Peer 1: 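Input: one structure, supplied below.
Counting starts at 1 for both ligands and their atoms, following the listed order. These numbers come from a predicted model, not from an experiment. Numbering of residues begins at 1 and proceeds along the displayed sequence.
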Amino acid sequence: MIKRLVQKVSTLFSRSLARPARVRREPKRIPVAEHGIDRNRVPRNAVRVCETLQKAGHRAYIVGGAVRDLLLGVTPKDFDVATDATPEQVKSHFRRAIIIGRRFRLVHVMFGSETIEVSTFRALDNPERQTDEHGRVLADNLFGAQHEDAARRDFTINALYYDPLTETVLDYHDGVKDLRRKRLRIIGDPETRYREDPVRMLRAVRFAAKLGFQIDEATREPIRRMAPLIENVPAARLFDEMLKLLTSGHSVACIMRLRAEGLHHGLLPLLDVILEQPAGERFVMLALSRTDERVQTGKHIAPGFLFATLLWHEVLKRWKEREARGEHRIPALDAAIDDVLEAQTEKLAIQRRYTSDMREIWMLQPRFERRTGRAPFKLLEHLRLRAGYDFLVLRCAAEEAPAELGEWWTGFMHATDAEREQLVAAAHASGVPGAGARRRRRRGRGGGAARTAAPQ
Ligand code: ATP
Ligand code: MG
């Protein structure tokens with residue numbers, strides 16, 4: 001009883017803390033001497049878009065993540081522009097521009113391979129806004145004033161506007177102060193904001209982990225309670241947000257925070273799998289920390305590979321169950337993959353181009369066990385060999401597959417034709433599996449052509 005009362009009081013208290021500061025109409029204007037953004041770090045085309053729109057009599061600013069990152073001295077991933085011009089007006093000022101999107105209409109202004117995304121300031125209280133029965137916003141295209149646009153953004157540090165021509169930062173919600181204090185604070189009443197868009201809870205975790213910020217108490221408190229709302233988010237959107245989280249370069253920290261905030265439980269089957277299977281956890285954490293390393297050193301991440309690692313132990317489990325029921329090894333694996341992908345995509349829709357990569361990587365695994373006859377030579381020709389091999393090496397590092405198997409393949413892939421024949425003969429002599437299988441296969445086709453498939 002008392003406990004409940006205390007809980008209620010503390011909730012009320014945190015809600016009153018979270019009460020939206022009255023929407024500020026006039027922003028703080030922070031000059032370059034104070035914010036220190038180096039204009040030369042803004043790509044010419046982003047400046048050009050602001051300049052063209054301003055010359056046509058509009059307001060136009062660089063906005064969102066780019067301003068946050070510039071202030072933090074981090075190189076922004078992309079540059080977005082916000083303006084009071086309508087999408088049609090924006091489009092009319094550029095030679096190559098297209099209007100995209102339905103939930104939010106945006107303009108993509110293209111310069112060669114570079115695209116600058118331009119959005120029109122959105123209105124705050126839009127009576128025409130369509131929501132679902134939980135309050136989630138479905139469609140919203142009413143344009144508004146700049147201060148409204150700022151109030152609709154998710155966190156204070158994401159609601160900053162930078163004018164590259166005057167070099168001024170416009171700050172409506174004390175975002176710069178929060179940046180300096182390393183605080184992640186949602187704009188407005190947290191509960192309402194999470195209800196409007198439950199993905200903001202995942203974004204809170206992602207930004208906090210990525211930037212090493214603390215989540216402000218009023219912003220953090222409702223998350224555990226409201227976590228189940230994530231279930232109403234369309235599976236495709238959830239996939240996009242999870243992919244951002246996993247490829248943020250801080251996925252291990254993100255996953256830890258998701259767990260700490262109770263956001264993983266029962267919501268994303270994928271994360272349940274990761275975090276609640278001790279056998280899988282080691283493998284997944286290893287995979288994620290390697291992914292983080294790759295992102296941080298600017299290397300490419302293949303989402304198919306990443307999701308293949310996340311779900312591997314679930315595949316293994318179902319594969320073993322099917323084999324125990326007497327199904328043959330390879331068809332059992334194939335069917336286990338179907339089971340896992342089906343269960344997963346219901347909640348978090350992994351795109352088909354990635355699931356086909358995942359299937360190939362997984363189906364290659366038993367083939368690595370066959371080290372005699374022509375089988376390993378044939379495998380060298382497989383288009384996805386490299387991904388399958390990297391996956392095998394990871395399994396070995398996590399001690400889920402024998403280290404010796406990975407070492408053998410590393411040797412085999414880097415060897416000359418003659419050395420390969422010796423490796424296969426040695427494997428045969430030591431009685432590794434697969435010797436019987438090769439006799440049924442035809443001989444011929446060997447090392448010569450296959451060598452080109454080996455890693456450089
Ligand atoms: P990143 O560096 O990860 O791309 P970002 O801040 O640029 O971070 P985006 O998802 O690209 O994140 O979104 C751009 C901007 O749009 C954000 O900075 C924020 O102002 C706004 N925004 C994005 N998603 C939401 C949301 N769900 N609710 C409110 N505002 C959002
Ligand atoms: Mg962005």
Peer 1: Within ligand 1, which atoms have a heavy atom of G64 less than 4.0 Å away?
Peer 2: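 Near G64, the atoms of ligand 1 are 18 (O).
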Peer 1: Which option wins on minimum heavy-atom distance to atom 12 (O) of ligand 1: M201, R203, R153?
Peer 2: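 When every heavy atom of M201, R203, R153 is considered, R203 comes closest to atom 12 (O) of ligand 1.
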Peer 1: Tell me which protein heavy atom sits closest to atom 14 (C) of ligand 1, plus the residue, atom name and distance to 0.1 Å.
Peer 2: D80 OD2, 4.0 Å
Peer 1: Against heavy atoms of D197, which atoms of ligand 1 measure under 4.0 Å?
Peer 2: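 Answer, ordered by atom number: 26 (C), 27 (N).
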Peer 1: If we check side-chain contact (heavy atoms from CB on, under 4.5 Å) with I116, which of these qualifies: V81, D80, V107?
Peer 2: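 For I116, the side-chain contact (heavy atoms from CB on, under 4.5 Å) test succeeds with only one of V81, D80, V107, which is V81.
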Peer 1: Can you name the one residue among Y389, F368, F391 that meets ring-ring contact (aromatic ring centres under 6.0 Å, His included) with W409?
Peer 2: F368
Peer 1: Starting from atom 6 (O) of ligand 1, locate the nearest protein heavy atom and write down its residue, its atom name and how far away it is, to 0.1 Å.
Peer 2: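 Answer for atom 6 (O) of ligand 1: R68 NH1, 2.8 Å.
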Peer 1: Verify side-chain contact (heavy atoms from CB on, under 4.5 Å) between L202 and L258, making sure each step is shown before the conclusion.
Peer 2: CA-CA 8 Å; L202 294 177; L258 282 177; 3.6 Å; yes
Peer 1: Could you tell me whether E342 and R318 make a salt bridge, using a distance below 4.0 angstrom between a side-chain N and a carboxylate O?
Peer 2: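 So E342 does not pair with R318 through a salt bridge.
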Peer 1: Touching ligand 1 at all, R237? Heavy atoms, strictly under 4.0 Å?
Peer 2: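 Yes, R237 has a heavy atom closer than 4.0 Å to ligand 1.
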Peer 1: Identify the closest protein heavy atom to atom 19 (C) of ligand 1: which residue and atom is it, and at what distance?
Peer 2: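 Ranked first by proximity to atom 19 (C) of ligand 1 is D154 OD1, 3.4 Å.
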Peer 1: Using the rule salt bridge (Lys or Arg N to Asp or Glu O under 4.0 Å), only one of R220, R224, R206, R225 pairs with E261; which is it?
Peer 2: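 Testing each of R220, R224, R206, R225 against E261, the sole residue satisfying salt bridge (Lys or Arg N to Asp or Glu O under 4.0 Å) is R220.
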Peer 1: Is it the side chain, the backbone, both or neither of R152 that has a heavy atom closer than 4.0 Å to ligand 1?
Peer 2: backbone
Peer 1: Give the contacting part of F155 toward ligand 1: side chain, backbone, both or neither, where contact means a heavy-atom distance below 4.0 Å.
Peer 2: neither
Peer 1: Relative to the heavy atoms of K210, which atoms of ligand 1 are at a distance of less than 4.0 Å?
Peer 2: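 Taking each heavy atom of K210 in turn, ligand 1 has 2 (O), 3 (O) under 4.0 Å.
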Peer 1: Heavy-atom contacts with R206 under 4.0 Å: which atoms of ligand 1 show up? List them by number with element.
Peer 2: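 By the 4.0 Å cutoff, the relevant atoms are 3 (O).
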Peer 1: Check whether any side-chain heavy atom of H58 sits under 4.5 Å from a side-chain heavy atom of H93, and report yes or no.
Peer 2: yes
Peer 1: Taking Q214 for the side chain and K182 for the main chain, is one N or O donor matched with an acceptor at less than 3.5 Å?
Peer 2: no
Peer 1: Using a strict 4.0 Å threshold on nitrogen-to-oxygen distance, state whether D240 and K244 make a salt bridge.
Peer 2: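 Answer for the salt bridge query: no.
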Peer 1: Are D197 and R193 within salt-bridge range, i.e. N to O under 4.0 Å?
Peer 2: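 No salt bridge links D197 with R193.
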Peer 1: Among K244, R200, E241, K77, whose heavy atom sits nearest atom 1 (P) of ligand 1?
Peer 2: K77
Peer 1: Could you say whether the N/O atoms of N158 and ligand 1 ever approach to under 3.5 Å?
Peer 2: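 Yes - when backbone and side-chain N and O of N158 are compared with those of ligand 1, one distance drops under 3.5 Å.
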